[in-house]
A.B. asks: 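Below are the structure tokens for one structure; questions will follow.
Side chains are part of it too, since the values below use all heavy atoms of this structure and drop only hydrogens, waters and symmetry mates.
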Amino acid sequence: MKILVTGFDPFGGETVNPAYEAIKLLDDTVKGAEIIKLEIPTVFHKAAEVVNKAIRQTNPDVILCVGQAGGRFGVTPERVAINIDDARIPDNEQNQPIDEKIQADGPDAYFSSLPVKSMVEKMKEAQVPSSVSNSAGTFVCNHIMYQVLYAIDKEFSGKTGGFVHVPFIPEQVTDKANQPSMHLEDITRGLKAGIEAIVDRDGKEDSKNIGGAIH
């Protein structure tokens with residue numbers, strides 16, 4: 001198995017993005033799966049161009065995108081991506097789409113084709129706080145998750161894909177009162193555990209663990 005793991009560059013005034021920093025610490029193989037690491041720009045549409053080019057070049061079985069979600073306490077696999085860009089802040093090229101469809105001919109939403117509940121279970125076994133998230137937001141993280149699943153639907157049939165959000169790391173919250181953080185090594189351990197679950201559940205249905213949320 002070959003897994004393309006992508007992480008964004010820093011954005012929103014930050015000097016570091018824990019997503020790609022954690023990816024860089026991953027081993028080159030996890031449970032026999034080859035890990036291909038790729039940094040992508042925090043830019044609407046350009047991020048998808050970079051990822052799609054890498055998919056064509058490397059032909060991975062799985063595309064796992066990772067992004068920063070400041071304010072979250074755990075590593076959170078995303079269940080769904082919605083067909084809307086509604087940017088609270090500009091991206092790294094000063095694009096700020098408001099209430100724009102990502103793909104005019106795309107469905108309103110795509111569900112992750114990764115085993116999100118099994119990933120959460122495996123992360124918790126690795127002593128990393130984790131839960132299923134039911135909203136990837138409306139910034140470039142949701143955008144790339146939707147774009148990857150759209151590309152799988154339209155061009156890369158047979159592949160699976162999804163997205164995981166990770167918290168701030170401690171150095172990012174020294175000037176942010178009451179914001180949670182997680183050490184980079186713990187984030188990497190969580191991502192590794194999630195990848196192990198992807199390998200374990202290849203060709204199988206996701207586990208049926210409780211993973212719902214009240215809000």
A.B. asks: Does any donor atom in the side chain of E78 or S133 lie under 3.5 Å from an acceptor atom in the other side chain?
C.D. replies: yes
A.B. asks: Looking at side-chain heavy atoms only, is the closest gap between D27 and I35 below 4.5 Å?
C.D. replies: no
A.B. asks: Main chain of S207, side chain of K117: is a donor-acceptor contact present, judged purely on distance under 3.5 Å?
C.D. replies: no
A.B. asks: Flag yes if I169 and V75 sit in one hydrophobic cluster, no otherwise; membership is Ile, Leu, Val, Met, Phe, Trp, Tyr, and two members link when side-chain heavy atoms are under 4.5 Å apart.
C.D. replies: yes
A.B. asks: Measure across N59 and K2 and return the closest heavy-atom pair with its distance rounded to 0.1 Å.
C.D. replies: O-CD, 4.1 Å
A.B. asks: Would you say the side chain of P97 lies within less than 4.5 Å of the side chain of F44, judging by non-hydrogen atoms?
C.D. replies: yes
A.B. asks: Please report the interatomic distance CD1(I102) to CD1(I82), rounded to the nearest 0.5 Å.
C.D. replies: 7.5 Å
A.B. asks: Of all residues at least two apart in sequence or in a different chain, which pass the side-chain hydrogen bond (donor to acceptor under 3.5 Å, both in side chains) check with H143?
C.D. replies: D85, Q147
A.B. asks: Rounded to the nearest 0.5 Å, how far apart are CG of L38 and CD1 of I23?
C.D. replies: 8.5 Å
A.B. asks: Decide whether a cation-pi geometry holds between K176 and F168; the criteria are a distance under 6.0 Å from NZ or CZ to the six-membered ring centre and an angle within 45° of the ring axis.
C.D. replies: yes
A.B. asks: I need the minimum non-hydrogen distance between A33 and I3, along with the two atoms involved.
C.D. replies: CB-CD1, 3.9 Å
A.B. asks: By salt bridge (Lys or Arg N to Asp or Glu O under 4.0 Å), which residues pair with K101, not counting sequence neighbours?
C.D. replies: none
A.B. asks: Are any non-hydrogen side-chain atoms of K37 and D28 less than 4.5 angstrom apart?
C.D. replies: yes
A.B. asks: State, yes or no, whether a side-chain contact exists between D99 and T138 at a heavy-atom distance under 4.5 Å.
C.D. replies: no
A.B. asks: Apply side-chain contact (heavy atoms from CB on, under 4.5 Å) to P170 and list each qualifying residue two or more places apart in sequence or on a separate chain.
C.D. replies: S181, H183
A.B. asks: Following the transitive rule for hydrophobic clusters with a side-chain heavy-atom cut-off under 4.5 Å over Ile, Leu, Val, Met, Phe, Trp and Tyr, establish whether I152 and V66 coincide in one cluster.
C.D. replies: no
A.B. asks: Between K204 and D202, is there a side-chain heavy-atom distance shorter than 4.5 Å?
C.D. replies: no
A.B. asks: Sequence neighbours excluded, which residues qualify as ring pair (Phe, Tyr, Trp, His ring centres under 6.0 Å) partners of Y110?
C.D. replies: Y146
A.B. asks: Taking the side chain as C-beta and beyond, is there a heavy-atom pair between S112 and R79 under 4.5 Å?
C.D. replies: no
A.B. asks: Can you confirm whether more than 12 heavy atoms, excluding those of D175, are under 6.0 Å from its CG atom?
C.D. replies: yes
A.B. asks: If you compare all heavy atoms of L149 against all heavy atoms of G161, which two are closest, and at what distance to 0.1 Å?
C.D. replies: CD2-O, 3.4 Å
A.B. asks: How long is the gap from NZ on K159 to OG on S113, to the nearest 0.5 Å?
C.D. replies: 11.5 Å
A.B. asks: Locate the shortest heavy-atom distance separating P10 from T42; write the atom from each residue and the value.
C.D. replies: O-OG1, 4.4 Å
A.B. asks: Check F163 against M145 and note the closest heavy-atom contact, atom names and distance.
C.D. replies: CB-SD, 3.6 Å
A.B. asks: Are D105 and Y150 close enough that a side-chain donor and a side-chain acceptor fall under 3.5 Å?
C.D. replies: yes
A.B. asks: Using the rule given for side-chain contact (heavy atoms from CB on, under 4.5 Å), can you reason through M182 versus V166, listing the C-alpha separation, both sets of side-chain angles and the distance that settles it, and then say yes or no?
C.D. replies: CA-CA 8 Å; M182 183 180 289; V166 302; over 6 Å; no
A.B. asks: With rounding to the nearest 0.5 angstrom, report the CD to CG distance, E121 to N209.
C.D. replies: 4.5 Å
A.B. asks: Indicate yes or no: does K46 engage D91 in a salt bridge with an N to O separation below 4.0 Å.
C.D. replies: no
A.B. asks: Go through the steps to decide whether Q172 and Q179 satisfy the test side-chain hydrogen bond (donor to acceptor under 3.5 Å, both in side chains), and finish with yes or no.
C.D. replies: CA-CA 9 Å; Q172 291 180 280; Q179 284 286 344; over 6 Å; no
A.B. asks: Assess the residue pair L25 and L184 against the criterion (side-chain contact (heavy atoms from CB on, under 4.5 Å)); give the C-alpha distance rounded to whole Å, side-chain angles, the decisive distance to 0.1 Å, and a yes or no.
C.D. replies: CA-CA 9 Å; L25 296 180; L184 191 61; 3.9 Å; yes
A.B. asks: Quick one: CE on M119 to CD1 on I198, what's the gap to the nearest 0.5 Å?
C.D. replies: 4.0 Å
A.B. asks: Check the pair T76 / V164 against side-chain contact (heavy atoms from CB on, under 4.5 Å), numbers first and verdict last.
C.D. replies: CA-CA 6 Å; T76 51; V164 173; 5.7 Å; no
A.B. asks: Only counting residues at least two apart or in another chain, list the ones meeting side-chain contact (heavy atoms from CB on, under 4.5 Å) with A69.
C.D. replies: R72, H165
A.B. asks: What is the minimum heavy-atom distance between P77 and S131, and which atoms define it?
C.D. replies: CD-O, 3.4 Å
A.B. asks: Within this structure, what is the CD-NZ distance for the pair E185 and K192, rounded to the nearest 0.5 Å?
C.D. replies: 13.5 Å
A.B. asks: What about I63 and F8, same hydrophobic cluster or not, with Ile/Leu/Val/Met/Phe/Trp/Tyr joined at side-chain heavy-atom distances under 4.5 Å?
C.D. replies: yes
A.B. asks: Restricting to side-chain hydrogen bond (donor to acceptor under 3.5 Å, both in side chains), what partner residues turn up for K53, sequence neighbours left out?
C.D. replies: none
A.B. asks: Using a strict cut-off of less than 4.0 Å between a Lys/Arg side-chain nitrogen and an Asp/Glu carboxylate oxygen, indicate whether R56 and E155 qualify as a salt bridge.
C.D. replies: yes
